[in-house]
2 protein chains.
Amino acid sequence: MRLLLISNSTNAGEGYLEHARNDIRDFLGGEVKKVLFVPYAAVSFSYDEYQEKVQKRFDEFNVKVDPLHKYDHKDKRKAVEDAEAIVVGGGNTFHLLKQLQQEKLIEVMRHAVLDGTPYIGWSAGSNVACPTICTTNDMPITEPDNFHALNLVRFQINPHYLDAHPQGHAGETREMRIKEFLVVNPYIYTVGLREGSMFKIENGQIQLLGGKKARIFKGDEEPRELAPGDDFDFLFE
Amino acid sequence: MRLLLISNSTNAGEGYLEHARNDIRDFLGGEVKKVLFVPYAAVSFSYDEYQEKVQKRFDEFNVKVDPLHKYDHKDKRKAVEDAEAIVVGGGNTFHLLKQLQQEKLIEVMRHAVLDGTPYIGWSAGSNVACPTICTTNDMPITEPDNFHALNLVRFQINPHYLDAHPQGHAGETREMRIKEFLVVNPYIYTVGLREGSMFKIENGQIQLLGGKKARIFKGDEEPRELAPGDDFDFLFE
């Protein structure tokens, strides 16, 4: 199984997918010529616009972005099965998961990736690689059938992990939100993946890329900060 | 129907429910001696602790806080039906709604309030007064049966509404999140209720209290800022 799970599409002040471009290029490795792109997290812009935005970046890699929404419903399963790689973009996680569930693509996508199809996701696309979407930051603007996602990894990712909290605001911090998740789900590792960070998983190994530390939460243990180069294999336990 | 829907329990730097105490006192009007308190939004602290914290504030009003979780399951419906007033505290909206659904209290609570039982909610307690919980800020740490809530009002509240956005962070702003909701639900008014604000609804009238403006969203209309004293009756349409 090969996964590239990216916290965010865009670092503040940078171009779209700019921070991750070298890692995406390396991950696709020159062999992949076309990726199946899942645009279903887009809500406030069209799937076509999303395809164009991603294609613009993937042009640098000479990779064609083939969007799932342009297939007839009856051909979508086969498109997933035949994909050279699957790329799932960010946006609203609830909207993304609902659409995948409605099109009955969860299991076929899961098995394609478990069987070796490389998977790249960012933001909501990283959330749906987890067992559930329970650690998304997104607003539940629409109701999926359930919260179960692709379950490609055993742990949960909180993308766009944020230490800062607006001054004078009394709403929960990100850490408080994750700690609530841990009370209800004490045995599941949750990783706060800061903007600019990503996990690369291949050959049964997991690496943190991007320069920043990740924050690891489990049950009522004190959260830990681990850096690129540290051992993250415990996340597979 | 009488509702007091408060954005937040605590303003930064103030005591618990301090900003709302005069409005709560006025709303209970000296006649209510005991309120049924719903602590189910609490996740990282116990229901007993929650009861104590609220009781401490309600001691000022000489009102007893009678917590729903202490009733035997078979007596809970009657506790709701017989309540002098219902008070629903903040915390995690998903946890709160799930518990109310599991105990099959949604309809009995809805009808008690429609029939005149005064209702006070803050944060998650204001979210569940709406048609759905689709405009909560909370993390979906647990999965309710569905997103349908008490539906006491026709509009949606986004509590803890926030204009600020952490510098250098690329995740969505609050307004962007609400605008995603509006794309999926173009006909539903959504109110960004800033911390320190609340709606009082009684005698078929709705008032904004607390000194700050509220931000009104609908479909692709330009959001509007309305102040205390302005006419909010359109929210009943």
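By convention in this document, chain letters (A, B, ...) are assigned in the order of the sequence lines, proteins followed by strands, and residues within each chain are numbered from 1.
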### Task
Mind listing the closest non-hydrogen atom pair of V43(B) and V183(A) along with its distance?
O-CG1, 3.4 Å
### Query
Do other residues, nucleotides or ligands put more than 12 heavy atoms under 6.0 Å from K70(B) NZ?
yes
### Message
Run the side chain to side chain contact (heavy atoms under 4.5 Å, CB included) test on D138(B) and E172(A) for me, step by step, so that the C-alpha distance in whole Å, both residues' side-chain angles and the decisive distance to 0.1 Å come before the verdict.
### Response
CA-CA 8 Å; D138(B) 293 336; E172(A) 291 91 345; 4.0 Å; yes
### Summary
Among residues 49-57 of chain B, residues within the sub-4.5 Å heavy-atom range of chain A, in order of number, are none
### Query
Are there more than 12 heavy atoms of other residues, nucleotides or ligands under 6.0 Å from atom NZ of K212(B)?
yes
### Task
Give, as side chain, backbone, both or neither, the part of E195(B) having an atom under 4.5 angstrom from any heavy atom of chain A.
side chain
### Nearest-0.5 Å distance, CZ of residue F181(A) to CG of residue N92(B)
11.5 Å
### Query
Of the backbone (N, CA, C, O) and the side chain (C-beta and beyond), which part of N185(B) lies under 4.5 Å from a heavy atom of chain A, both, or neither?
side chain
### Query
CD/E143(B) to CD/E143(A) distance, rounded to the nearest 0.5 angstrom?
8.5 Å
### Message
Shorter than 4.5 Å, heavy atoms on both sides: which option in C134(A), G168(A), G171(A), G90(A) has the most such pairs with chain B?
### Response
C134(A)
### Query
Between N146(A), T132(A), T10(A), which residue shows the highest count of heavy-atom pairs closer than 4.5 Å to chain B?
N146(A)
### Query
Which of the residues P140(A), A12(A), S123(A) is involved in the greatest number of heavy-atom pairs with chain B at under 4.5 angstrom?
P140(A)
### Task
Run the numbers on N137(A) and M139(B) for side chain to side chain contact (heavy atoms under 4.5 Å, CB included), then give the verdict.
CA-CA 6 Å; N137(A) 307 307; M139(B) 193 173 267; 4.1 Å; yes
#### Entry: For chain B, which residues of residues 151-163 of chain A have heavy atoms nearer than 4.5 angstrom
N158(A), H160(A), L162(A)
### Task
Check whether H95(B) gets within reach of chain A through its side chain, its backbone, both or neither, counting any heavy atom under 4.5 Å.
side chain
### Message
I need the residue from T135(B), N8(B), L182(B) with the largest number of non-hydrogen atom pairs under 4.5 Å to chain A.
### Response
T135(B)
### Query
By a 4.5 Å heavy-atom criterion (distance strictly below it), what part of R174(B) contacts chain A: side chain, backbone, both, or neither?
side chain
### Message
Counting heavy-atom pairs closer than 4.5 Å to chain A, which one of E14(B), H169(B), E180(B), R177(B) comes out on top?
### Response
H169(B)
